[in-house]
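Residue numbering restarts at 1 for every chain, and letters A, B, ... go by the order of the sequence lines. No experiment lies behind these values; they were computed from the predicted model shown.
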Amino acid sequence: MPAPRRGWPEMETPGMETITLVEAARRAALQEMRRDPSVWVLGEDVARGGLFGQYRGFLDEFGAARVVSTPISESVIMGAGLGAALVGTRPIIEMRIFDFVMCAMDELVNQIAKVRYMFGGQARPAVVIRMPHGIWRNSAAQHSQTLESWFTHIPGLVVAVPSTPADTAGLLVSAIRSDDPVLFFDPKNLFPVTGPVAAEIAPIPFGQARRARMGGDLTLVTWSAIVPQVEEAAAMLEARGIAADVLDLRTLWPWDEEAVVASVARTGRLLVVHEAVTTGGFGAEVVARVVERLGPAGLRRVARLGQPRVPVPFAPPLEDQLKVDTAKIVAAAEALMRD
Amino acid sequence: MPAPRRGWPEMETPGMETITLVEAARRAALQEMRRDPSVWVLGEDVARGGLFGQYRGFLDEFGAARVVSTPISESVIMGAGLGAALVGTRPIIEMRIFDFVMCAMDELVNQIAKVRYMFGGQARPAVVIRMPHGIWRNSAAQHSQTLESWFTHIPGLVVAVPSTPADTAGLLVSAIRSDDPVLFFDPKNLFPVTGPVAAEIAPIPFGQARRARMGGDLTLVTWSAIVPQVEEAAAMLEARGIAADVLDLRTLWPWDEEAVVASVARTGRLLVVHEAVTTGGFGAEVVARVVERLGPAGLRRVARLGQPRVPVPFAPPLEDQLKVDTAKIVAAAEALMRD
Amino acid sequence: MSRLGDNRARLVALYTTMCRIRAFEDTALAAHRAGEIPGPLHVSVGQEAVAAGICLNLRRDDRITSNHRGHGHALAKGAGVAGMMEELFGRAGGHCRGKGGSMHIADFSVGMLGANGVVAGGIPIAVGAAQGLKLLGRDSIVACFFGDGAINRGPFLEGLNWAALYRLPVLFVCEDNGVAAFTATASVTAGPGVAARAESLGVPATSVDGNNAAAVDAAAARLVAEIRGGGGPQLLHATTYRITGHTSTDPAAWRNPQDVEAARAAEPIGRLRERLLAEGVPMAELEAIRGEAMAEMAEARAAALAAPWPDPAAAWEDVQDAGAAQGMA
Amino acid sequence: MSRLGDNRARLVALYTTMCRIRAFEDTALAAHRAGEIPGPLHVSVGQEAVAAGICLNLRRDDRITSNHRGHGHALAKGAGVAGMMEELFGRAGGHCRGKGGSMHIADFSVGMLGANGVVAGGIPIAVGAAQGLKLLGRDSIVACFFGDGAINRGPFLEGLNWAALYRLPVLFVCEDNGVAAFTATASVTAGPGVAARAESLGVPATSVDGNNAAAVDAAAARLVAEIRGGGGPQLLHATTYRITGHTSTDPAAWRNPQDVEAARAAEPIGRLRERLLAEGVPMAELEAIRGEAMAEMAEARAAALAAPWPDPAAAWEDVQDAGAAQGMA
Ligand SMILES: Cc1ncc(C[n+]2csc(CCOP(=O)(O)OP(=O)(O)O)c2C)c(N)n1
Ligand SMILES: Cc1ncc(C[n+]2csc(CCOP(=O)(O)OP(=O)(O)O)c2C)c(N)n1
Ligand SMILES: [Mg+2]
Ligand SMILES: [Mg+2]
C-alpha cells in the first residue's frame with residue numbers, strides 16, 4: 001500500500017479532493033467524531049492510528065477516552081461496544097481484520113443483532129463494526145475471507161460494502177449516524193485506490209446502488225473490492241461490442257432490488273460478480289430475488305461468478321487460479337451473451 | 001417431548017424398530033462408539049446423557065475418558081475436538097444448542113474448516129459437530145436459530161440436516177466415519193417424532209436427497225425440521241389436485257443438485273421451503289443453481305418460502321405469525337401453480 | 001420497638017425484596033406448570049439475598065446486566081412486576097412486549113439492561129456500559145450478575161481484565177450456587193476459584209455468605225461506594241444454593257436430598273426472618289410482608305393471564321430501521 | 001577440553017539450534033525484503049532461546065502448537081528446513097505445499113501441528129491434542145507456544161482450566177516479549193501477570209529468563225518430566241525481547257532505541273556464546289556452527305527460489321472429501 005497522503009484535512013481547500021480510500025474513511029470518522037462527542041472508537045492499536053492508518057491523528061485530537069486501544073479481547077471489543085451503545089454512546093468497533101470477528105460472533109449475532117427486537121424496542125444498538133475484509137497481499141486462508149453474505153441472513157443488521165473513496169466516506173457517515181448496527185466491510189485491497197471526496201462528507205443512504213456504467217446488453221451486479229475489475233471488464237466488453245449495465249450495490253442490506261430488477265428487465269441478462277465463494281454467496285440471493293420478481297419468462301440468462309468453494313491459498317499462482325479477476329469476468333459475461 | 005423409550009437396543013429383536021428421532025441418534029452414536037474405540041464425545045452434561053438424552057447410558061458403557069462432560073467453555077469444546085482429531089481420535093463435539101456455536105466460531109470456521117487445506121493435506125479434522133437447532137418450544141431469539149446456510153458457504157465443511165429417525169441415524173453414522181468435519185444439525189423440534197430404524201444402522205451417503213413424494217406438477221425442495229409440514233402440505237395439495245414432487249435434501253453440502261434439477265426439468269416449477277430466514281438462506285442457492293443449470297427457458301415459476309428477516313420472537317402468537325407452517329406452504333405452492 | 005435502630009428499615013427492605021422475589025418465582029413456577037407460561041423458565045429460589053443485597057445499594061440510574069436467571073435481579077432493581085409477569089406470559093404489556101420472555105427480560109427504564117440466554121453474555125455488555133457511562137461523565141455504576149458456570153467462559157477473563165485496565169465502575173457479582181445446569185461446578189472448575197481468578201486479572205475480590213442478606217448488603221455498600229468513588233471494578237463472590245432445579249421442568253432429582261434439606265434450613269429468607277424476630281420485629285409485620293408479596297404476585301399472574309396477547313402485527317416491528325420492509329417480503 | 005563435561009553437548013545443541021533459527025529468520029527477512037517471499041512474515045529474532053530450550057526436551061512424538069511467529073518453534077521441533085523455506089516462498093515442496101505460507105507453517109511428520117493466524121488459536125488445539133493422546137494411551141506431551149498478547153483472549157482461560165481439570169500433558173509456554181503488535185502488553189494487561197493467571201486456573205507456573213537458553217532448558221527438562229509423569233499441565237513464563245518489528249514491513253520505529261540497544265546486548269545467542277567461550281569451547285567451533293547455519297539457510301533460500309511453483313491444479317485439492325467436486329463449478 002502506498003504511504004497515505006500527508007496533509008491534514010483542515011489544511012485542505014474546500015470542495016472535492018482526490019484522496020485514497022483509507023484516507024476517505026479516516027476523514028469520515030474524523031468528521032463524525034468532531035460533530036458528535038458521543039462517537040468514539042475502540043479496537044487494537046487504534047490509538048496508534050489503526051493497522052491501516054484509518055485513525056491517524058485521532059488520539060491527539062480526541063484523547064484516550066475516545067480513542068481506546070484495547071487488549072486482544074475480541075469478545076469484549078464487540079460486547080463492550082454494545083454495552084456502551086446501550087447507555088447512549090455511539091461506538092465504532094474496529095475489528096482490525098474481518099476474520100477476527102469469528103472471535104466475537106456471540107456478541108455480534110446473538111447480542112447486537114437481537115437486542116432491539118428481543119427487548120421490544122427498548123435498546124438501540126447504534127454501533128458500527130468495521131471489518132477490513134477480502135483478499136490482500138497473499139494473506140492466506142485465515143486473513144482473506146469475504147463472508148458478507150452471512151450477515152444479510154441475520155435480522156437486525158445493516159451490511160455496507162463500499163468500493164470507492166466517496167462511497168466509503170459517505171456510507172461510513174451514514175453508518176455512524178444510524179441507530180442500527182452497521183457491519184462496515186472496508187475493502188482492504190482498495191485502501192490505496194484514489195478518488196474524489198468532498199471536504200464536507202454527506203451521508204449516502206443505505207440501499208441505493210451506484211450505476212458505474214450504463215448499458216443495455218447485460219446487467220453486471222457487484223460490490224466491494226472486486227468492483228474496479230468489474231468496471232475494467234465492462235470497458236473491455238464495450239470494446240468487443242457488449243454494453244454492460246454495471247451496478248455497484250454499495251450495501252447488501254438493505255439492497256437496491258429495484259435498480260437491479262429494472263436493469264435486468266431491460267437487459268434480460270444478469271451476471272452477479274463477487275469476490276466471495278459462489279456457493280451461499282449473496283449472488284444467490286440476487287439471482288433468486290430477480291427470478292422471483294421477473295419470472296423466468298422475463299429473463300434470457302443468469303449466472304454468478306465468485307470464488308470456487310475452496311479456502312484462499314497462500315502461493316500466488318494458487319490464489320490467482322481461484323480468485324475472480326478481470327479475465328474471468330469478461331469470459332463469464334461473454335458466455336452469458338451466447339444463447 | 002415425550003419420555004424416550006426405555007428398552008436398551010441390545011435387548012431388542014433385530015430388524016426394523018419404530019423409535020424416536022433422538023433415540024435413533026443415540027443408537028447411531030452408540031453403534032459407532034462400540035465399533036471404533038477412537039470415537040468419543042465431549043460437551044456439557046454429556047456424561048449425564050446430554051440435554052436431550054442423546055447420550056443416555058454412554059458414561060456407564062464407555063467411561064469418563066470417552067464421555068467427557070465439560071465446563072461451559074465452547075471455544076475449547078470446539079477447539080479441543082479439533083486438536084484431538086489431529087492426533088488421530090474421532091470426537092463428537094456436542095454443542096448442546098446450535099446458538100452456542102457462536103461462542104466457538106473461530107475454532108470452527110478459521111481452524112476446523114481450513115486446517116486440511118491450509119496445511120496442504122497434512123491434517124484430517126475428522127470431527128462431528130452436533131448442533132440441535134431450530135424453533136422449539138418458544139425459546140425466543142437466542143435459542144431458535146437455523147443458520148445452516150452459513151456453513152455451505154465455508155469450504156471444507158459438510159452440512160447434514162436430516163429430518164427422519166432413519167436419516168438421522170444413517171447420516172450420523174456417515175458423519176462419524178467421515179474424515180471431513182461434519183456439521184450435524186439435529187432437528188430438535190423433531191426429537192420425539194418416531195419412525196422405523198434398522199437394528200444395524202447403515203451409513204447414508206452425503207449428497208443424496210430422499211424423495212418423500214412423487215409428483216409432476218411442482219417440485220418442493222426442503223430439509224430439517226420443516227419436512228413433516230412440507231409432507232403434510234403435499235398431501236393437502238394432492239387432495240386439491242396438485243401433485244408435488246417432494247425432495248428432502250438431507251445434506252446441504254454436498255447437495256443433490258442432480259435430483260433437484262431433474263425434478264424441476266420435469267415440473268417446471270420449484271418451491272424451496274426452509275425454516276430459516278429466506279434472505280440469504282440456502283433456498284437462494286438452490287434457486288440460483290437450478291436457474292443457472294436449466295436456464296430461465298426451462299422454468300415456469302420459482303419461489304422460496306422461509307421466515308421473514310425477523311428474529312424469532314417469544315410470544316406464541318408472534319412466533320406463529322412468522323414461522324413457516326403447513327398453511328403457508330400450501331398457499332405458496334398454490335400461488336406457484338397460477339400463471 | 002426492635003433493638004435494630006436505623007438498621008431496621010434496611011433489613012425489612014431486604015426482607016421485603018426477598019419475599020417479593022420468592023413470591024414471584026413461586027408464582028411463575030406454578031404458572032409455568034399450569035401451562036400459562038411458554039418457553040424455558042429459570043427461577044432463583046434460594047438465591048434471593050444476592051439480588052436484594054446488591055440492588056439495595058444501587059441507584060435507579062445505575063445499570064445491571066443479568067443472565068438466564070434474571071427475575072430476582074430485575075425485581076430488585078425496580079422493574080415493574082406487571083410488566084415482568086406479562087413478559088413471562090408473552091403478553092403485549094410485557095417489558096419487552098412479549099418478544100423476550102423470561103430469558104430476555106429487560107427494563108431499561110430502571111437500568112435493567114437485560115437477562116441473557118448466553119452464559120457470560122452479560123459480562124462484555126456490562127463493562128461496555130460502564131465504559132460508556134464513564135465517557136459520558138456520569139457517576140453511575142454497573143452491577144454484572146453471573147453464575148459460577150460463567151467463570152469458565154472466555155468473556156469472564158476478557159471482561160475482568162478490561163474493567164481493571166480502564167478502571168471501570170463495575171461490580172461483578174458471581175452468584176455461586178455450586179451448579180451449572182446439571183453439573184457440579186466444582187467438577188469442571190480448576191484452581192482455587194473465582195476470587196483468585198478475579199485477583200489474577202487485577203480485580204479485587206471479596207467473598208460473602210450469599211444466603212445472608214445483611215452480609216451481602218454490607219459488602220455491597222462498601223464495594224459500591226468504592227466503585228462509585230472511582231476505585232475501579234470489584235468482584236463479589238456470593239455463595240448460595242438454588243433449591244429448585246435448573247429449569248422449571250427439571251425436578252432436580254440429581255440433587256442429594258440431604259443437601260436440599262440443609263439448604264432449606266439455610267435459605268436466606270428464613271434466616272433473615274429468624275433474625276428479625278429475634279431482634280423484636282413482630283411476626284405479624286413479617287407475615288404481612290410475605291402475604292402482601294404473595295398477593296401482589298398472584299394478582300400479577302391473574303392480570304397477565306387476562307392480559308391481551310401482542311397484536312400479530314407487532315411481530316414485524318423493531319427489527320431495525322434500514323431495510324426493515326425489504327425483509328418482510 | 002571445556003570444563004562443561006556432559007553439559008557441553010547440550011549447550012552446543014542449544015547454541016546450534018539458536019544459530020539455525022537466527023539464520024533462518026535473517027534469511028527469510030532478507031528474502032522478504034527482496035520480494036522473494038509473499039504475504040506477511042513474522043520473525044522471532046531475539047527469542048530463539050525459548051524455542052530451542054523447550055524443544056530440546058521434546059521427543060519426536062511429542063506435539064507442539066504455535067502462533068503467527070512459528071518458524072523458530074518449527075525448526076527447533078525438527079521440521080525440515082527445505083520444506084519450511086519453500087513454504088515461505090509458496091513453492092510446491094513446502095510442508096503445506098505452498099498453501100499455508102509463514103503464518104500457517106506446519107510439519108505433522110515431526111509433531112508440529114501448525115502455526116496459527118489467530119492469536120491464542122493454538123491453545124484449544126493443544127489441549128485437545130493432549131486429551132486425544134491421553135485417550136490413545138500415549139505418553140506423548142504437547143507444548144503450546146503463545147505470546148504475551150494471547151493471555152488477554154478468552155481461550156487462554158478456557159484452555160488452562162480445561163488442561164488442569166483433565167490433568168492433561170500440556171506445557172503452556174508464554175513467550176513474553178513485552179509487545180503485542182504495536183502495543184506494549186503491560187498497557188493492556190491488568191493484574192500481576194500470566195503466572196498468577198495460570199495459578200488461578202489450577203496450572204502451576206514457573207518463570208524463567210527466556211533469553212538464557214540454559215535456564216529455559218533446565219526449566220523445561222523439569223517441567224516436561226513432571227508432565228510426562230502424569231503430573232498435569234504446567235505453564236512456563238519466559239521473558240524475552242524481540243529485536244525486530246512486528247512484521248517484516250514494520251521498522252519498529254516505535255521502539256525506544258535504548259531498549260533495543262540493551263536488548264541486543266542481552267540477546268540469547270551472544271549470551272550463550274560468551275558462556276561457551278568462557279567455559280573453553282573454542283571460538284572456531286562456535287564460528288563453524290554459525291557459519292554452517294548461515295550456509296544452510298542461504299542454500300535453502302536459493303533452493304526455494306529455484307523450486308517449482310505449485311501446479312495450479314493443486315489449488316483445487318485437499319479441500320474435503322465429500323462434495324469437493326461440486327464446489328468447483
Ligand atoms: C454459552 C452457553 N453455553 C451453554 C448454555 C446452556 N446453559 C444455560 S444455563 C447453564 C448453566 C449456567 O450455570 P451458572 O452460570 O452457574 O448459572 P445458574 O444456572 O447456576 O444460575 C447452561 C450450561 C448457555 N446458555 N450458554
Ligand atoms: C484474534 C486475533 N486478534 C488480532 C490479531 C492480529 N495480531 C496478529 S499478531 C498480534 C500480536 C500478538 O502479540 P503476541 O501474542 O504477544 O505475540 P508476538 O507478536 O509478540 O510474538 C495481533 C494483535 C490476530 N492475529 N488474532
Ligand atoms: Mg450456578
Ligand atoms: Mg508479544
Side-chain angles (χ1 to χ4, degrees), chain B residues 1 42-51 64 68-79 96-97 99-104 106-107 135-145 277-280 303-323, chain C residues 37-40 68 86-92 94 96-104 116-121 147-156 180-185 187-190 246 249 254 308-320 323-324 326-329:
Chain B
M1 197 177 58
L42 71 165
E44 299 155 15
D45 289 319
V46 295
R48 185 184 164 272
L51 189 59
V68 179
S69 266
T70 70
I72 309 174
S73 300
E74 277 76 8
S75 290
V76 173
I77 296 173
M78 186 72 80
R96 190 179 191 108
I97 296 278
D99 311 70
F100 309 147
V101 86
M102 293 297 146
C103 305
D106 172 56
E107 292 73 18
I135 289 177
W136 180 65
R137 296 187 173 186
N138 300 100
S139 300
Q142 286 179 341
H143 286 65
S144 305
Q145 290 172 96
V277 165
T278 304
T279 304
R304 296 170 291 162
L305 178 64
Q307 153 123 345
R309 197 171 175 279
V310 177
V312 177
F314 166 66
L318 300 182
E319 198 190 79
D320 290 347
Q321 262 292 300
L322 302 175
K323 74 180 178 195
Chain C
I37 292 178
H68 54 288
E86 280 206 47
E87 191 57 39
L88 266 56
F89 278 68
R91 304 303 164 112
C96 306
R97 306 177 64 199
K99 286 175 172 168
S102 161
M103 208 158 34
H104 305 297
N116 209 305
V118 178
V119 168
D148 44 327
I151 72 167
N152 290 325
R153 279 207 61 228
F156 173 83
F182 313 107
T183 296
T185 43
S187 73
V188 289
T189 309
H246 172 51
T249 52
W254 42 278
W309 291 102
D311 179 347
W316 310 81
E317 292 165 11
D318 272 321
V319 177
Q320 64 192 101
Q326 187 169 27
M328 306 306 167

Considering only heavy atoms, which portion of B:T70 lies under 4.5 Å from any heavy atom of chain C: side chain, backbone, both, or neither? backbone
Residue set satisfying side-chain contact (heavy atoms from CB on, under 4.5 Å) with C:A315, at least two apart, ordered chain then number -> A:Y117, B:L318, B:Q321, B:L322
So, the part of C:R97 with a heavy atom under 4.5 Å from chain B: the answer is backbone
Any C:H68 side-chain heavy atom under 4.5 Å of B:Q142 side chain: no
Side chain, backbone, both or neither: which part of C:D318 has a heavy atom under 4.5 Å from chain B? neither
Tell me, side chain or backbone of C:V119 under 4.5 Å from chain B's heavy atoms, or both, or neither? side chain
Would you mind telling me which of C:A314, C:G100, C:A324, C:G154 has the largest number of heavy-atom pairs within less than 4.5 Å of chain B? C:G100
Please report the closest heavy-atom contact between C:E87 and B:F314, naming both atoms and the distance. O-CE2, 3.3 Å
Test log, rule side-chain hydrogen bond (donor to acceptor under 3.5 Å, both in side chains), inputs B:D45 and C:T183: CA-CA 6 Å; B:D45 289 319; C:T183 296; 2.5 Å; yes
Heavy-atom distance under 4.5 Å to chain C: side chain of B:S73, backbone, both or neither? both
Could you have a look at C:G90, C:S102, C:P312 and say which one has the most heavy-atom pairs with chain B under 4.5 angstrom? C:P312
Distance, nearest 0.5 Å, that separates CG of B:N138 from CD1 of C:I37: 12.0 Å
Using a 4.5 Å cut-off on heavy atoms from C-beta on, say whether the side chain of B:P316 contacts that of C:W309. yes
Taking every heavy-atom pair that is under 4.5 Å apart, which of C:A150, C:P310, C:G121 has the most such pairs with chain B? C:P310
Shortest non-hydrogen contact between C:P40 and B:R137, atoms and distance: CD-O, 4.2 Å
If you count heavy-atom pairs under 4.5 Å with chain B, which of C:M103, C:Q326, C:M328 comes out on top? C:M103
Return the set of residues passing side-chain contact (heavy atoms from CB on, under 4.5 Å) with B:A104 (not counting sequence neighbours), or none when no residue passes. B:E74, B:M78, B:M95, B:E107
Measuring heavy-atom distances to chain C, does B:R304 have an atom under 4.5 Å in its side chain, in its backbone, in both, or in neither? neither
